[in-house]
Structure formats: structure tokens, C-alpha cells
Amino acid sequence: MRRLLALSLLLVAPPALSAPPTAPQTVKYRNKVMDGLGAHMGALGMITKGESDRTGDVLAHAEAIAALSKTIGALFPEGTGPGVAGVETEAKAEIWTRKDEFAAAVKQLETASDALVAAAQTNDPAQ
């Protein structure tokens, strides 16, 4: 019975997953990713300030930040910015009006987060 249920879910899921998300769904997903990025940065900040003794988690947070940073550029497609009917977002209009600057900022975040992982791998708090 479980196999039949699993198989039926696999058969139904692909069509459901192939429909493009609506603009509000895209914004909701983007918000979740950005919240996750902020949560990992906040946790890492607590560790580095001595507000948490979870120093063994530094690398995990750094790797999560690096992984999420690589998704950010694609999270802001046309039609998901402020002023679009049916879209509620806190994202700034400049993301869409100054695309080159936004892309450069995203690239800087990716580079910095990769450096953060490298520093975390040293296990040296000074890094």
C-alpha cells in the first residue's frame, strides 16, 4: 500500500512542480531564503561575539551562508518587485532599476561568503 501511495505521488508531483510559481509565491520563497540567510548570519554573529558557546557550529553556518548567497541573484525575477499588482515585497525597486549594481553586490556576497567558509575551516577564531 505504501509503495502504491509513493508511486502515485511521484506520478502526480511532476505536473504540479512544472507549473511556474506565481509572483506572490516567488516573493514568499525569496523571503524564506532571506530569513534563513539572516538567521545563519545572526547565529554566527552570536558565536563570534561570545554570546553562544556553539563554536563547533561556525563552519555549518558559514557553509549555509555561502550556499544561500549563491541563490540570491535568481530570487528577484522581473514581475516580483514593488509596484507590481498583487505583489507585496520589502525589496527595493533599485534591484530591478540598477540591475548591474545589484548583480555586483550579489557577486561580492558570494565571494565574501566563500572567504567566510575558508576562514571557518581554519578553526582559528581570529580568522
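Residues take their numbers from the sequence shown, with the count starting at 1.
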- Query: Looking only at heavy atoms, which two atoms of Ala120 and Ala62 are closest? And how far apart?
  - Reply: CB-CB, 3.9 Å

- Can you name the nearest heavy-atom pair linking Thr89 to Gly81, along with the distance? CG2-C, 3.6 Å

- Item | Neighbour count above 12 (heavy atom, 6.0 Å) for Glu90 CD | no

- Message: Is there a path of hydrophobic side-chain contacts, each under 4.5 Å between heavy atoms of I/L/V/M/F/W/Y residues, joining Leu109 to Phe76?
- Response: yes

- What is the distance from atom CD of Glu63 to atom CG of Leu116, rounded to the nearest 0.5 Å? 10.0 Å

- Item | Nearest heavy-atom neighbours spanning Ser69 and Val106 | O-CG1, 4.3 Å

- Out of curiosity, Thr71 OG1 to Met34 CE, how far, rounded to the nearest 0.5 Å? 8.5 Å

- Note on the structure: Apart from Val84 itself, its cluster of hydrophobic side chains linked below 4.5 Å comprises Val27, Val87

- Query: Shortest non-hydrogen contact from Pro82 to Ala91?
  - Reply: CG-O, 3.4 Å

- Is Ser113 close to Lys70 at the side-chain level, that is, under 4.5 Å between some pair of heavy atoms? yes

- Task: Answer yes or no: is there a side-chain heavy-atom contact under 4.5 Å between Glu88 and Lys28?
- Result: no

- Message: Tell me if the CG atom of Asp100 is crowded by more than 12 foreign heavy atoms within 6.0 Å.
- Response: no

- Task: Would you give the length of the straight line joining atom OG1 of Thr111 to atom CD of Gln108, rounded to the nearest 0.5 angstrom?
- Result: 7.5 Å

- Query: Heavy atoms, side chains only, cut-off 4.5 Å: are Ile72 and Arg30 in contact?
  - Reply: no

- Note on the structure: Distance col, row Met41:CE vs Leu68:CG, nearest 0.5 angstrom, shows 9.0 Å

- Task: Check whether any side-chain N or O of Trp96 sits under 3.5 Å from a backbone N or O of Thr80 as a donor-acceptor pair, and report yes or no.
- Result: no

- Task: State, without any angle test, whether Gln25 and Thr22 hold a side-chain donor-acceptor pair at a distance under 3.5 Å.
- Result: yes

- Verify side-chain contact (heavy atoms from CB on, under 4.5 Å) between Val58 and Leu44, making sure each step is shown before the conclusion. CA-CA 6 Å; Val58 167; Leu44 189 56; 3.8 Å; yes

- So, do Leu75 and Thr26 sit near enough that their side-chain heavy atoms are less than 4.5 Å apart? no

- Message: Working to the nearest 0.5 angstrom, can you tell me the gap between Arg54 CZ and Ile47 CD1?
- Response: 8.0 Å

